[in-house]
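Take a look at the structure below.
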Amino acid sequence: MKNTDPRESFSTALISWYLLNRRDLPWRENPTAYRVFMSEVMLQQTQASRVVPYYERWMKKFQDYSMVASACMDTLLLMWEGLGYYSRLHSLVNACKHIVKNHRGIFPSDYQEAISLPGVGPYTAGAVLSIAYNLPYPALDVNVKRVLARYCDIDAPVDRGPDALYRNKVLFFMPPGKAGTFNQSVMELGALCCLPRSPRCSECPVKGDCLALSRGSLEHRPRRVNRIHPRKRKILVAVILQNGNVFLRRRLKGGLWPGMWEFPHWEWDEDSGDEAVALQNFIFREHGMKPVFRNLLPSITCSYSGIRAIMVPFVFTLNTSQEIRGKDVYWSERSEIINMPIPSTHRKIADIVSFAR
DNA sequence: AAAACGTGGCT
DNA sequence: TAGCCAAGTTT
């Protein structure tokens with residue numbers, strides 16, 4: 001007699017498929033709570049393939065919470081550079097400090113304690129507790145929502161409103177004692193098979209019971225409501241040189257690119273006017289320098305959280321008689337720029353500057 | 001509740 | 001090119 005329990009047929013087929021098809025990702029070897037925690041934070045809003053090199057560098061350098069907690073912030077920022085969402089890093093460091101101080105260096109196995117750690121939300125708490133400790137919590141990310149929205153033909157939007165419906169579905173299907181493997185199976189199906197654009201239904205281990213597939217509603221699952229079209233901006237960037245050194249300033253904690261180094265820049269919202277002069281005035285207001293405009297560098301487009309920007313780099317030189325020093329400003333040698341944590345779009349400009357001639 | 005927060009690959 | 005998308009959390 002074949003098993004016809006809908007819970008078991010889903011999880012059994014899914015786990016069998018997972019054990020055969022899963023990727024050999026580094027955080028899947030020896031999945032201690034520390035290793036899983038570091039990977040889950042890096043993976044937030046990011047694709048696995050992009051995280052791999054960052055994760056391997058991180059694990060080589062930091063083997064436990066106390067090593068992260070005591071590391072130099074610039075070193076940490078440099079290791080995170082390019083991953084984006086830098087507040088994750090600041091939260092992660094604070095979480096590590098908290099675990100060392102209050103949990104004897106052991107990730108808490110209590111859900112409420114876990115979710116109260118900085119940067120740890122429902123997803124990350126569920127992922128660490130299920131994967132590292134095999135505790136029965138959902139790890140509800142967009143992959144899981146997409147798989148369930150299709151398999152159960154759920155119309156509730158995945159990007160707004162309460163998650164209770166989706167969480168209950170996960171718990172309904174979760175087989176006893178296999179929380180970690182089950183959660184990873186659903187996520188992996190979403191990442192490899194139940195893809196956002198063109199799902200590979202012919203390869204799917206649970207296609208036989210997929211409601212969206214049988215009802216023909218696959219195109220409408222998952223349903224989304226939140227669509228923000230990006231606004232355009234033009235940003236004038238100042239590359240100020242003095243004796244061959246490059247002027248950088250450190251951003252404040254909070255907001256965009258917290259704690260990282262950048263070129264001074266000014267958002268340009270006019271239709272016309274002398275951009276170089278406007279930028280020069282800004283530099284004087286902000287930093288008290290009066291550098292001389294020399295030339296332009298190639299413009300760079302970038303986008304982040306609803307903004308599409310074009311960055312226009314202006315090269316200035318500053319007379320040696322003007323001495324500008326300060327806590328959060330720095331004259332970097334060209335060869336040294338590579339060791340400063342700099343956000344991705346500014347890094348492209350920095351590379352031109354540091355490798356020029 | 002809605003907006004902020006990065007970045008790069010793909011179509 | 002412009003839009004969509006990704007192992008979410010915080011305010």
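We name chains A, B, ... by the order of the sequence lines, and we start the count at 1 in each one.
A/Trp27 comes within 4.0 angstrom of a nucleotide base, judged by non-hydrogen atoms across all strands. Among the protein residues, A/Ser344 comes within range of the sugar-phosphate backbone only, with heavy atoms under 4.0 Å from sugar or phosphate atoms but none that close to a base. Among the protein residues, A/Arg146 comes within range of the sugar-phosphate backbone only, with heavy atoms under 4.0 Å from sugar or phosphate atoms but none that close to a base. Residue A/Gly82 is classed as a sugar-phosphate contact, given heavy-atom separations below 4.0 Å to backbone atoms only. In this structure, A/Val144 reaches neither bases nor backbone, as no heavy-atom distance under 4.0 Å exists between it and the strands shown. Residue-level contact check: A/Lys348 touches the backbone only, with heavy atoms under 4.0 Å from sugar-phosphate atoms and none from bases. Contact annotation for A/Arg50: backbone-only contact, meaning every heavy-atom pair under 4.0 Å involves sugar-phosphate atoms and none involves a base. Residue contacts shown for A/Leu25 include a base, since a base heavy atom lies under 4.0 Å away. Within the nucleic acid shown, A/Ser39 has no heavy atom closer than 4.0 Å to any nucleic acid atom. When heavy atoms are screened at a 4.0 angstrom cut-off, A/Glu188 is found touching base atoms of the nucleic acid.
Comparing C/dA7 with B/dA2, their P atoms are spaced 24 Å from each other, to the whole Å.
Applying the side chain to side chain donor-acceptor pair (under 3.5 Å) definition to pairs two or more places apart or across chains, those involving residues 338-350 of chain A are A/Glu81-A/Arg347.
For the pair A/Met260 CE and B/dT7 P, the interatomic distance rounds to 7 Å; values are reported in whole Å. Protein atom OH of A/Tyr85 is 8 Å distant from nucleotide atom C1' of B/dA4, rounded to whole Å. With rounding to whole Å, A/Arg88 atom CZ is found 11 Å from C/dA6 atom C1'. As a whole-Å value, the separation of A/Leu77 CG from B/dT7 C1' is 16 Å. A straight line from CG of A/Asn143 to C1' of C/dC4 spans 15 Å, rounded to a whole angstrom. Protein atom CZ of A/Arg35 is 16 Å distant from nucleotide atom C1' of C/dA7, rounded to whole Å.
Residue whose closest nucleotide on DNA chain C sits further toward the 5' end, between A/Met187 and A/Leu117: A/Met187. Nearest-nucleotide positions on DNA chain B for A/Pro162 and A/Trp257 put A/Pro162 closer to the 5' end. In terms of position along DNA chain C, the nucleotide closest to A/Arg28 lies nearer the 5' end than the nucleotide closest to the other residue of the pair A/Arg28 and A/Ile115.
At least one cation-pi condition fails for A/Arg250 and A/Trp257: the charged atom is not both under 6.0 angstrom from the six-membered ring centre and inside a 45 degree cone around its axis.
Judged by distance alone with a 3.5 Å cut-off, a donor-acceptor contact links the side chain of A/Arg197 to the base of C/dC4.
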>> Quick one, A/Val142 with A/Val158, criterion side-chain contact (heavy atoms from CB on, under 4.5 Å). Give me CA distance, side-chain angles, the key distance, then yes/no.
In response: CA-CA 7 Å; A/Val142 281; A/Val158 292; 5.8 Å; no

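Between A/Trp58 and A/Trp80, the two ring planes are perpendicular [angle over 60°; tilted spans 30° to 60°].
Residues A/Phe182 and A/Val170 share a closest heavy-atom pair of CE2-O, 3.8 Å.
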